[in-house]
Amino acid sequence: MGRRVTPVMLAVWLLFEVAAAAQTGEGRVEVGGGVRWLGGTSYPRVSATETSLANGRFTLFDSDTRLEPATRVEARVGARLTSVLQMEGAFSYSRPELQTRITSDVEGISDVTLTDRITEYTFEGGITAQLARWSFGRLAPFAAGGLGYLRQLHDGHGLVETGQTYYVGGGFRVPFSLRRGLVKASGIRADARAQFSRNGVALDEDTRIVPSLSASFFVRF
Amino acid sequence: MTVYGERSIAARRRIAVLLTVLLVLLPAHPALAYLKFGFEIGSRSVTARWLRFPVRYFVTNRGVPGVSATDLQGAAARAFATWQGVPTAAITYDFAGFTSNQPGEDDGRTTLGFQSVPELDRVLASTSFLIDGLTGELLEADIFFNSAFAWSVAAGGERNRWDLETIAVHEIGHLSGLGHSAIGETEVGASGRRVLAAEAVMFPIALGTNDVSGRLLRPDDVAGISDLYPDGGFNDDTGSVSGRITKSGAGVFGAHIVAFDIAKGELVGNFSLRADGQFSIAGLRPGPHAIRVEPIDDADTDSFFDNVDPVDLNFRSKYYEQLVIVPRGADSGAIEVEVAGK
């Protein structure tokens, strides 16, 4: 019969690991903030159609909708679990634009692009793992993965859409030598992610993937 | 959604008003209104609707070649069930029995049946109403199917015959209080206007013989019947778009406005129903919509309006410049679409 890890055992292990991390002198808590660029995503074409004889379809016009790339402002807090692992949570805010291009109108109306400004909040939690083997000078690479909650408000805030996000990726930290008072370390951090999202303002329930790049500043206490 | 003021009705107690709506091959006959029938009584607006349920109906005990009275009753029952099956609408119907009375008789009985009216050579069927002119309550509604045409109740339709269930679904929409929808496309050729397509059972022109697609309600029909008899979470779960259509700063009467759901592709329409160009489209799924405005060019205006202000047909179709966000259980907030003359 195999051994099972209970939540209590896991909590005790985490406590020991956090305590151990605190003794390394590099700081136990990391606070950071910066910007994150998120690529745009396209949704499947939706056509306005009517029923014709023999159940055929008569197209009035086509619509192609896209969520444009956006820059998020991001705040992050993390806690070191071990010398390798760090647990972190992040909040971000952005204002992407939803664009719908109407084309091929049956009555010859010129093509037009209709827009809606979205206010987007995300709350994410994840893990980073230091990849010490690939360290290069002061550059400390890491791998990252996590998931989150997506909250998107349409223009006027009359309608709220919610969804899920997931990400995997990696990046690096470049710590400065600054070490003053409570501050154990500080530096800059950059990462690249494959960002998955589902629902929210999406026109269907498919999971979509977009690239994501970030640059931020961090301080460790 | 209501056209008011078509008929002047004195505010006396319980005045019976007789109205007739026709489903035609070509739109050559007047109908009353779009989506919901309405009246102006003095300064008060009244919507025509049933207030007592189930709506009890009779079927005449006469058939026509190829369609027995029992076939007629079966097709009518399926058509009534189609409307009753809308989960967001509360209207119910009940078959009360066969009758030897004719539809159109002022007998207090809602009756469906065949009648031969060969002089109405473009009219497949017609619905007439008896309405309480004070409250707007529908008291009686009769449907006649013109036996001058060939009819069918075959499951998949029948060549050169009109599908009785399809036409019954349209007429029962009228019987329930709905006017015509303009979500359809036609073209005018040498032999007159021909319907190309429609996305509303309540479009005023029938698609053709052997067509059974009209047995199924479309989003526009569902929005209409649900707006008239809201049930379930209709008012909480759907939203509306409202605003004005203007041209050179003045209101446009009779513009056709269609809300297109960019996620689902659903079309729901209405008209600007006041001289100041105001419109409202209810029963929309929450989310972004594209709004398209056009003059009525796919049927005669009297298929939709009766004895009202002149309908403005002199403007170019256009889209509202932004996506309109329909909230859940509320209105988008008024938008203004400025159209330009042709």
Side-chain angles (χ1 to χ4, degrees), chain A residues 42-68 96-119 152-162 199-206, chain B residues 156-157 183-187 194-201 203 206-214 216 218 220 239 258-267 285-295 297-298 316-333:
Chain A
S42 296
Y43 303 113
R45 167 171 287 188
V46 178
S47 297
T49 63
E50 296 177 350
T51 306
S52 58
L53 266 176
N55 264 331
R57 302 306 297 175
F58 179 91
T59 301
L60 294 176
F61 56 85
D62 296 318
S63 76
D64 296 280
T65 299
R66 177 175 166 78
L67 189 62
E68 289 294 293
E97 189 171 73
L98 191 68
Q99 290 189 353
T100 297
R101 182 87 177 146
I102 304 284
T103 57
S104 308
D105 186 275
V106 71
E107 293 187 12
I109 305 177
S110 301
D111 295 353
V112 61
T113 300
L114 317 176
T115 60
D116 171 37
R117 183 64 71 178
I118 305 290
T119 301
Q152 295 170 315
L153 290 77
H154 289 278
D155 203 7
H157 296 188
L159 181 65
V160 178
E161 314 254 27
T162 60
N199 295 330
V201 297
L203 303 188
D204 56 25
E205 297 193 342
D206 289 352
Chain B
I183 299 184
E185 297 299 314
T186 62
E187 65 178 8
R194 185 175 76 93
V195 62
L196 299 172
E199 198 58 11
V201 161
F203 190 66
L207 205 50
T209 56
N210 194 30
D211 174 65
V212 297
S213 67
L216 295 176
R218 305 302 199 285
D220 187 67
V258 175
F260 170 68
D261 182 336
I262 63 166
K264 301 293 181 189
E266 295 176 349
L267 298 164
R285 195 185 72 87
H289 286 70
I291 303 297
R292 186 176 187 272
V293 183
E294 64 175 359
D297 54 6
D298 288 300
R316 290 198 292 264
S317 303
K318 74 170 289 187
Y319 293 92
Y320 182 57
E321 297 83 359
Q322 290 181 295
L323 287 169
V324 175
I325 308 306
V326 175
R328 185 169 282 103
D331 187 75
S332 64

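Chain identifiers are assigned alphabetically (A, B, ...) following the order of the sequence lines, protein sequences preceding nucleic acid strands; residue numbering begins at 1 within each chain.
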Taking all non-hydrogen atoms of both residues into account, name the closest pair between [X] and [Y] and its distance.
| X | Y | answer |
| --- | --- | --- |
| B:Leu267 | A:Thr49 | CD1-O, 3.8 Å |
| A:Leu114 | B:Tyr320 | CD2-O, 3.0 Å |
| A:Glu50 | B:Glu199 | CA-OE1, 3.3 Å |
| A:Asn55 | B:Ser213 | OD1-CB, 3.4 Å |
| B:Ser317 | A:Ile109 | CB-CD1, 3.4 Å |

- prompt: Counting heavy atoms not belonging to B:Glu187, are there more than 12 under 6.0 Å from its CD?
  reply: yes

- request: Answer with side chain, backbone, both or neither: which region of A:Leu53 has an atom nearer than 4.5 Å to a non-hydrogen atom of chain B?
  value: both

field: Contact origin within A:Thr51 toward chain B - heavy atom pairs under 4.5 Å
entry: both

Side chain, backbone, both or neither: which part of [X] has an atom under 4.5 Å from a heavy atom of chain A?
| X | result |
| --- | --- |
| B:Leu196 | both |
| B:Arg316 | neither |
| B:Val326 | backbone |
| B:Ala330 | neither |
| B:Ile262 | both |

query: Going from OH on B:Tyr319 to CG on A:Asp111, what distance comes out if it is rounded to the nearest 0.5 angstrom?
result: 9.0 Å

task: Measure the spacing between CG of B:Asp261 and CG of A:Leu203 and express it to the nearest 0.5 Å.
output: 8.5 Å

Please identify, among [options], the residue contributing the most non-hydrogen atom pairs under 4.5 Å to chain A.
| options | value |
| --- | --- |
| B:Glu185, B:Glu321, B:Glu266 | B:Glu185 |
| B:Lys264, B:Arg218, B:Arg292 | B:Arg292 |
| B:Pro288, B:Gly214, B:Ser332 | B:Pro288 |
| B:Gly239, B:Ala200, B:Gly184 | B:Gly184 |

query: With side chains defined as the heavy atoms from C-beta onward, is the minimum distance between B:Arg328 and A:Leu159 less than 4.5 Å?
result: yes

task: For the residue pair A:Arg117 and B:Gln322, establish whether any side-chain heavy-atom pair is separated by less than 4.5 Å.
output: no

- request: Look at A:Asp105, A:Thr100, A:Leu98, A:Val106 and state which one has the largest set of heavy-atom pairs under 4.5 Å with chain B.
  value: A:Asp105

query: Who wins among A:Asp116, A:Thr115, A:Asp155 for the most heavy-atom pairs under 4.5 Å with chain B?
result: A:Thr115

